[in-house]
Novice: 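After the structure tokens below, expect a handful of questions from me.
Throughout, protein chains are lettered first and strands after them, A, B, ... in sequence-line order, and every chain is numbered starting at 1.
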Amino acid sequence: MTDYNQLEKIRLQKIEELRAEGLEPYPTRAERTHTSRQAIAALDAVGDEGIEVRATLAGRIRATRPMGKLTFTHIEDGDGKIQLFLRVNELGQEKVDFFNKMYDLGDFVQASGVMMRTRTGEPTLQVHDFKMLSKAVSPLPAAKDETLEDGTVLRHAALEDPELRARQRYADLAVNPNVRETFRKRAAITKAIRTFLDDNGFLEVETPILQPLYGGAAARPFVTHHNELDQDMYLRISFELYLKRLLVGNLERVYEIGRDFRNEGVSFKHNPEFTQLEFYCAYADYLKVMELTENMIGYVCDTVFGTRQFAFDKDDSTHYDLDFSTPWRRVEMRQGILETSGIDIANYPTAEALFQAIIAKYPNKNPDPHAARGKLIDFLLGEFLEPTLIQPTFLYDYPRDISPLAKSKPGDALTVERFEGYAAGFELCNAFTELNDPLDQEQRFLDMGRDYTDDEEEKHPLDEDYLRAMRYGMPPNGGFGMGMERLAMLLTNNRSIREVLLFPALRKEE
RNA sequence: GGGCGCGUAGCUCAAUGGCAGAGCAGCGGCCUUUUAAGCCGUUUGUUGAGGGUUCGAGCCCCUCCGCGCUCACCA
């Protein structure tokens, strides 16, 4: 049984009173002739000619100022806010009093009348008739906007608690227009990515989310069970192995935008489910993919935001001005690590030697003594290099042993043709010249299995069907993956992934 | 999983171990161009949950729950 608070009980009472007067608080149909923006535009269009602009508006009451014989109310619709003006002259005292008594913040209303301007010039609907469209039982978290002299809007008592905002995203969206704007931008970003890839000859495809084997990344999967098949299934951790099967099938350029699931920790940049973009491009290598990437991001910047300059506040005291102009800076990993840590990984071809070099130079750091060489390089990368990668940068040429699906650099057995895109100090995307040699691939799977026998969590399952596909012949190709939330964070200046997820993962209530 | 921090009214926040408060929202009243409208009056609490110390706990201690930051993890 719902436990209503005092404010809600009052509103429930009003619902009964409305019904008692023969007025339906939740009518089936609504009419609207103009959105707020359309009504204002119509008023602007007639100018001073004295032509009457009649309009019926619909929206949600966000502020109301009753003054006895007058009431000013702001309603908000999908286009913005507009003021309603109720006056005894048109409506009579009884109707004005009725409105003031029965209509609350948060209610959806419909109002008809004539557009006018108030003494301050604000476009306003002078109301001749009004109707409840949906009575709100629970009051929305109060949020009042104050427009300061310089035009900036100051918000008072807005819903701010991050947990409440995420749990009750509907309320967050209802009272915080900037949150709505973030998700509109996120949608526009996704749409621009699709347009860019479609225009570049890529085919959008969909591959299985429920998979009998998982692969394509190193992450713990979610496990579920198919009853009829009596078989465990995994929620995918990446699309990679399925998309590359399609290249075997002569689809030269494919991409997928969809959900990945990784059964791991939650942080400001990790959510257990997130939206991934992956594309694979036959006859491209990682250099070609770098160009595609910076052009694709540039296209998104231009079409959605009209600029390539972005402010990003990493935390309260760290502000970055990011520039997504092409070409992005390119840093070779070995060189970057050398410059930021003073250690040349090329001088230490084994894990043991590299480990000794790190602790000799940095006795305060704690690299894992049992880590593989690639893991140690990754440690150096995270400790020293990554924090310096503020402007959009491609970091390229990665250690082979942490990149089992990437092709080796010709003449360098320890290095693969792989790059990651960085901005604001965190990883944005990951790409490589894809390994298409079935014999090499099989050996890499076996090596991974051997290297991680102690560590069940990171063991790569060997995907026989993927190898079978590759044996039919896979064209040389470049592949790319990017977390869409990461991109949305960067371009909308949100420091937490939760701000760009409508419903981020939360512990269940109670 | 480890460390640090937070949790008080519908919302935003106060309260030295000593009567649980303010603004907004709500309710009653005044007000014919307001816009955080204003003015007068007024209501609202399992202080996240449970236990302990104390004459007395929102505050101190323990356990649990939730969230935030951070580390680990995330090739």
Side-chain angles (χ1 to χ4, degrees), chain A residues 4-11 13 62-74 81 83-90 93 96 101 104-106 116-122 124 126 137-148 153-167 171 175 216-220 237-238 262-272 274 315-316 366 368 371-379 381-382 398-406 416 418 420 427 430 432 448 451-452 455 457-458 460 483 495-496 498 506-510:
Chain A
Y4 293 106
N5 67 35
Q6 194 177 352
L7 275 62
E8 290 166 334
K9 283 173 184 162
I10 291 165
R11 292 184 176 207
Q13 182 66 35
R62 292 305 314 282
T64 189
R65 295 175 291 282
M67 301 182 57
K69 295 189 166 51
L70 300 180
T71 291
F72 292 96
T73 292
H74 272 99
K81 285 187 191 172
Q83 183 166 255
L84 305 183
F85 180 45
L86 293 84
R87 197 167 65 153
V88 292
N89 309 41
E90 287 78 31
Q93 189 68 53
V96 172
K101 179 162 185 285
D104 292 303
L105 300 184
M116 57 165 276
R117 285 184 198 280
T118 62
R119 202 166 278 173
T120 56
E122 179 169 350
T124 297
Q126 187 165 64
V137 173
S138 302
L140 282 171
K144 285 202 164 190
D145 296 341
E146 179 180 7
T147 307
L148 301 175
V153 175
L154 184 64
R155 307 217 86 206
H156 297 272
L159 178 64
E160 281 176 346
D161 178 58
E163 179 187 356
L164 213 59
R165 287 185 48 229
R167 277 195 198 285
V175 301
R220 276 178 287 171
I237 59 171
S238 89
R262 296 186 181 177
N263 203 342
E264 285 164 0
V266 177
S267 81
F268 76 95
K269 55 180 177 177
H270 297 271
N271 195 66
F274 63 99
D315 53 55
D316 289 338
N366 293 302
D368 178 2
R373 178 171 180 272
K375 283 275 197 180
L376 291 170
I377 293 173
D378 201 45
F379 173 84
L381 165 63
Y398 275 65
R400 172 185 153 120
D401 63 318
I402 56 170
S403 314
L405 300 164
V416 294
R418 172 180 173 185
E420 291 191 347
E427 180 193 335
N430 181 19
F432 28 90
M448 285 303 282
D451 285 354
Y452 290 98
D455 192 350
E457 289 173 2
E458 296 205 14
H460 252 259
R495 70 185 71 159
S496 167
R498 292 191 163 192
L506 296 168
R507 255 175 249 272
K508 70 178 177 190
E509 286 184 86
E510 293 166 337

Novice: Does Val175(A) reach a base, just sugar-phosphate, or nothing at all? Heavy atoms under 4.0 Å.
Specialist: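 No contact at all - Val175(A) keeps every heavy atom at 4.0 Å or more from the nucleic acid.
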Novice: Of all the choices, A25(B), A75(B), U32(B), which nucleotide is nearest to the side chain of Val88(A) once you look at every atom?
Specialist: U32(B)
Novice: Applying a 4.0 Å non-hydrogen cut-off, can you work out what Leu140(A) is touching in the nucleic acid: base, sugar-phosphate, or nothing?
Specialist: nothing
Novice: Nearest of C11(B), U35(B), C27(B) to any side-chain atom of Ile10(A)?
Specialist: C27(B)
Novice: Could you please name the option among G10(B), C69(B), A75(B) that lies closest to any side-chain atom of Phe268(A)?
Specialist: C69(B)
Novice: Scan Pro66(A) against the nucleic acid and name what it touches under 4.0 Å (heavy atoms): base, sugar-phosphate only, or nothing.
Specialist: base
Novice: Taking a pair as Watson-Crick or G-U wobble with both distances under 3.5 Å, which nucleotide is matched to G38(B)?
Specialist: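 In the structure as shown, G38(B) has C30(B) as its Watson-Crick or wobble partner.
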Novice: Of all the choices, U35(B), A75(B), U33(B), which nucleotide is nearest to the side chain of Thr120(A) once you look at every atom?
Specialist: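 Nearest nucleotide to the side chain: U35(B).
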Novice: Is there a donor and acceptor pair, one atom on the side chain of Glu122(A) and one on the base of U33(B), closer than 3.5 Å?
Specialist: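 No, no donor-acceptor pair under 3.5 Å.
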Novice: Do the side chain of Asn89(A) and the base of U32(B) come within less than 3.5 angstrom through a donor-acceptor pair of N or O atoms?
Specialist: yes
Novice: Looking at the side chain of Met67(A), which of C11(B), A37(B), G26(B) is the nearest nucleotide?
Specialist: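 Looking only at heavy atoms from C-beta outward on Met67(A), the closest nucleotide is A37(B).
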Novice: Which nucleotide, if any, forms a Watson-Crick or G-U wobble pair with G1(B), using both distances under 3.5 Å?
Specialist: C71(B)
Novice: Applying the Watson-Crick and G-U wobble criteria at under 3.5 Å, what pairs with U16(B)? Answer none if nothing qualifies.
Specialist: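 The base-pairing partner of U16(B), which may sit in any strand shown, does not exist here.
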Novice: Let's see if you can work this out: which of C11(B), C67(B), U32(B) has an atom nearest to the side-chain heavy atoms of Arg167(A)?
Specialist: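 Comparing C11(B), C67(B), U32(B) against the side chain of Arg167(A), the answer is C67(B).
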Novice: Rounding to a whole Å, what distance do you find between Met116(A):CE and U34(B):P?
Specialist: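 Those two atoms, CE and P, are 11 Å apart.
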Novice: Quick one: look up who G66(B) pairs with, Watson-Crick or G-U, both distances under 3.5 Å, and put none if it's unpaired.
Specialist: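 Pairing partner: C6(B).
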Novice: If C60(B) has a Watson-Crick or G-U wobble mate with both distances under 3.5 Å, name it; if not, just say none.
Specialist: G52(B)
Novice: Distance criterion of 3.5 Å, no angle test: do you see the side chain of Thr118(A) paired donor-to-acceptor with the base of U34(B)?
Specialist: yes
Novice: Is a donor-acceptor contact shorter than 3.5 angstrom present between the side chain of Arg65(A) and the base of U34(B)?
Specialist: yes
